[in-house]
2 protein chains.
Amino acid sequence: MAALPPGLLGTLDPTSDRAVFRQIADQLREAIAKGRFAEGAKLPSEAELTDHFGVSRMTVRNALSILQSEGLASAEHGRGVFVRPRPPVRRLASDRFAQRHRDQGKSGFTVEAEAVGSRPEVDSLVVREERSTPEMSARLGSARKVLARRRRYLLDGKPVETATSYLPLDIARGTPIAEPNPGPGGIYARLEELGHRLDHFEEEVRARMPAPDEVKTLRLAPGVPVIHVVRTAFDTDGRAVEVCDTVMAADAYVLAYRLPAT
Amino acid sequence: MAALPPGLLGTLDPTSDRAVFRQIADQLREAIAKGRFAEGAKLPSEAELTDHFGVSRMTVRNALSILQSEGLASAEHGRGVFVRPRPPVRRLASDRFAQRHRDQGKSGFTVEAEAVGSRPEVDSLVVREERSTPEMSARLGSARKVLARRRRYLLDGKPVETATSYLPLDIARGTPIAEPNPGPGGIYARLEELGHRLDHFEEEVRARMPAPDEVKTLRLAPGVPVIHVVRTAFDTDGRAVEVCDTVMAADAYVLAYRLPAT
DNA sequence: TAGTGGTCTAGACCACAGT
DNA sequence: CTGTGGTCTAGACCACTAA
C-alpha cells in the first residue's frame, strides 16, 4: 500500500480538545472544500488513513462516517469512499400547475424530463380504495373512504420522488381517475372535465431524514434528507378535490415559489 | 444494573442476513413507533442493551447511532439516550409578505411569535458592506458591492433560523436600511418609503444536511436537516431589490405556499 | 488474488450527570 | 460515588470489486 502524497492532508494536533476522529473529518472536509478531492474522486482508503494519522481503524471509520452523515461522501463496498457528486437537480417552477401545462397530452413530469434530456419513468403504480386517515379527512373535508393513487418517479433510472394522490370517492369512483392510466393531462385534466374547475393549490413543505423504507424506495445515500410536500387542490367552489403526498430526494430538487407582496 | 423488562424488546434472529446492529436498531425503532417509549423517554442504556442482546458495546452504539442519524433519538452525555421530542413548529404562511403585515410596527417574526405565546429574540446582528459573490450579482443584477444584514432568530431561547439579506448599495447606502435597527416594519417598509414598491417575491427551497458551523449556530441535534431558502424581492419595475438567504432548522418549520391553477 | 469497506469483539480510559 | 455516554485500541472474519 502506497503512502499518501505529502501535503494532501495535514497532521493531528495532540494538544487539541477536539476528538481525533473529528480532526480527521475536519481535514478531509477541508480538503474536499479546497478541491483537493474532486466530485466523484476517491478518498484515501481506511488503511491509508490509519497509516497516515497513526490511529486505529475504528477512529478512521468514525471520521469517514461523519462525512457521510453530512452528505459529503459515500462509501461503496469493495471500492472505496468517494466524494459525493451532486446529482442534476429537478427544478419545480412556481407555475408548474398552470393551465397550459395541463393542455398538453403528456404529464408534467414527462414533458419536463424530456425537455432537459432525461429519460423519465413512472412505476409502482397502485390505484385502490382505502379508508381515510383522520388527517386526510381533515384535509379533504371528511370522506370515509378515498381513492389512493401511488406511484414512483425516476429520472434516468434513478428514483427521485414518490407520490400518493388521495381523492374523495364521490368524485373519483367510476371515472378515468380510478384507472391506472387516467389519460392525457393526468388527473387534473380529468377533474376539470368532471366539472371541478381548479382554482388553486396549497402546498406544505417540510424536510426531515428519511425512514428506512424511504431510503430503500428512493435509493437514498446516507446524509440525504427528504423534502415532504403535501399539496391540496381546490376547485372554484372552494372544495378540496385532491391531496397529494409527495416525498422527494432532497439532493435532486429545488422548489421555486412566487409570493405576492400585496 | 437491572435487566430490561421482558417483552419490551424482542430477540435477535441469528439466521438473518441483516446485521446485528441493524436488527437492534429495527427493534428500538419499532418500539418507539408503537409508543413503548414515549417522546422524551429514556431508551435502555448501552449496558442494558449489551446485556439484553448479548453483544458488544460497539454493536449497540452502532445501533443507537442509526436512530440518531434518523432523527429519532438523541444522546445526552452522562444521562442517556432519549426519544427525540418534536419541537413546536413555526408555520410560514403563504401570505407572510402581504402588505398588511408590513403596516404594523413590529417585525413579522416578533408578531408571529407573540401570537403563539413564544418569546422571540434576534441576535448576531451584523450590518456591513461586502463584495458581491457571482451568484449574488446574478440575482441582484450585478452590483460590485452589497449591503449584508446578518441575523439569527430564536424562539424561547432556541435558535431556529439564520438569515442574511443582501441589498444593492445604490439602494441601501446611507438609508435606515444600513442601520442595525431599520425601524418599524423592517427593511421592506423602508424600501417602499424609498420608492421601491414591492411587487412580488421568488423563493427557492432546498433541503440538505447542515455544515458543522450551521450545527453550531442553530444548535442542531444529529439527524436534523436544514431548509435553505433563497428569496428575491422584486419591485414594480421588475428590479431585484433584495436577496435573503435563510437557513432554517428543519424540525422547527413548515412552509406553506399557494399556487395558482391558471 | 489483493484491496476495499462491513461487521463484530473485548477490552481500556475519559468526561459528564446526578445522588 | 455510580451510571451514563464519548473516545480509542488491536485485533478478527466477512463480502464485495476489480484486475
Side-chain angles (χ1 to χ4, degrees), chain A residues 1-4 12-28 37 40-69 72-84 212 215 221-223, chain B residues 1-4 12-28 37 40-69 72-84 212 215 221-223:
Chain A
M1 185 197 69
L4 244 46
L12 300 177
D13 174 5
T15 71
S16 168
D17 281 349
R18 195 157 175 79
V20 173
F21 75 92
R22 290 188 205 282
Q23 292 188 50
I24 296 175
D26 292 343
Q27 298 225 4
L28 289 169
F37 298 105
K42 185 176 170 302
L43 293 177
S45 72
E46 293 177 357
E48 286 168 328
L49 290 171
T50 55
D51 220 47
H52 178 80
F53 289 111
V55 298
S56 79
R57 191 173 161 216
M58 276 313 298
T59 304
V60 161
R61 281 183 62 78
N62 225 334
L64 289 171
S65 82
I66 289 188
L67 296 189
Q68 293 180 60
S69 73
L72 289 177
S74 69
E76 298 180 31
H77 195 171
R79 301 218 315 128
V81 180
F82 298 83
V83 179
R84 207 151 66 74
V215 170
Chain B
M1 187 196 70
L4 244 48
L12 299 177
D13 173 5
T15 72
S16 169
D17 280 350
R18 194 155 175 81
V20 173
F21 75 90
R22 290 187 204 284
Q23 292 189 48
I24 296 175
D26 292 343
Q27 298 226 3
L28 288 168
F37 298 104
K42 185 175 170 302
L43 293 177
S45 73
E46 294 177 357
E48 287 168 327
L49 290 171
T50 300
D51 219 48
H52 178 81
F53 289 111
V55 296
S56 78
R57 190 172 162 218
M58 277 312 299
T59 303
V60 161
R61 280 182 63 78
N62 225 334
L64 289 171
S65 82
I66 290 188
L67 296 189
Q68 293 179 61
S69 73
L72 290 177
S74 69
E76 296 180 32
H77 196 171
R79 301 219 314 130
V81 180
F82 298 84
V83 180
R84 206 150 68 75
V215 170

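In the text below, chain A, chain B and the rest are named by the order of the sequence lines, each starting its count at 1.
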- CZ of Phe53(A) to CD of Gln27(A): how many Å apart, nearest 0.5 Å? 4.5 Å
- If you look at every heavy atom in Ala221(A) and Arg84(A), which pair is closest and at what distance? CB-CD, 4.0 Å
- Query: OP1 or OP2 of dT7(D) sitting under 4.0 Å from any side-chain N/O of Thr59(A)?
  - Reply: no
- Item | Point-to-point distance, once rounded to the nearest 0.5 Å, from CG of Leu64(B) to CZ of Arg61(B) | 8.0 Å
- Below 4.5 Å, heavy atoms only, C-beta onward: do Ile66(A) and Leu72(A) meet side chain to side chain? no
- Message: As a quick check of understanding, evaluate side-chain contact (heavy atoms from CB on, under 4.5 Å) for Gln23(B) and Asp13(B), giving each step before the final call.
- Response: CA-CA 8 Å; Gln23(B) 292 189 48; Asp13(B) 173 5; 3.7 Å; yes
Identify all pairs in which a protein N or O lies below 3.5 Å from an N or O of nucleotides 11-14 of chain C, and state each distance.
{"unit_1": "dA12(C)", "atom_1": "N6", "unit_2": "Arg57(B)", "atom_2": "NH1", "d": "3.2"}

- Nearest to the side chain of Val81(B), which nucleotide is it out of dA10(D), dG5(C), dG5(D)? dG5(D)
- Atom-pair distance (CG on Asp51(A); C1' on dG3(C)), nearest Å: 14 Å
- Closest contact, heavy atoms only, Phe37(B) versus Val83(B): CB-CG2, 3.7 Å
- Item | Protein-nucleotide distance (Ile24(A), atom CD1; dG6(D), atom C1'), rounded to Å | 16 Å
- Starting at CD of Gln23(B) and ending at P of dG6(C), how long is that distance when rounded to a whole Å? 18 Å
- Message: Whole angstroms only, please: what is the CZ-C1' distance between Phe82(A) and dA18(D)?
- Response: 11 Å
- Hey, does the side chain of Arg79(A) come within less than 4.0 Å of dG5(C)'s phosphate (OP1/OP2), counting only N and O? no
- Message: In whole Å, I'd like the distance from the CZ atom of Phe53(A) to the P atom of dC8(D).
- Response: 13 Å
- Message: Which nucleotide wins on minimum distance to the side chain of Val20(A), given the candidates dC8(C), dG5(C), dC8(D)?
- Response: dC8(D)
- On DNA chain D, check which nucleotide each of Glu76(A) and Glu46(B) is closest to and give me the residue with the more 5' one. Glu46(B)
- Task: Report yes if at least one side-chain N or O of Ser45(B) is closer than 4.0 Å to OP1 or OP2 of dG3(D); otherwise report no.
- Result: no
- Query: Whole Å only: how far is the CG atom of Asn62(A) from the C1' atom of dG5(C)?
  - Reply: 15 Å
- Query: Of the non-hydrogen atoms in Val81(B) and Ala73(B), which two are nearest, and what is the gap between them?
  - Reply: CG1-CB, 3.9 Å
- Message: What's the closest nucleotide to the side chain of Arg22(B) if the choices are dA10(D), dG6(C), dA18(D)?
- Response: dG6(C)
- State which residues pass side-chain contact (heavy atoms from CB on, under 4.5 Å) with Thr50(B); sequence neighbours excluded, sorted by chain then number. Arg57(B), Val60(B)
- Residue mapping more 5' on DNA chain C - nearest nucleotide basis, Leu64(A) or Gly54(B): Leu64(A)
- Side-chain atoms of Arg61(A) come closest, of dG5(C), dC8(D), dC8(C), to dG5(C)
- Item | Selected nucleotide, minimal atom distance to Ala75(B) side chain, candidates dT7(D), dG5(C), dG6(D) | dG6(D)
- Note on the structure: Separation of dC8(C) atom C1' from Leu49(B) atom CG, nearest Å, is 16 Å
- Message: Nearest whole Å is fine: how far is dC8(C) C1' from Arg18(B) CZ?
- Response: 16 Å
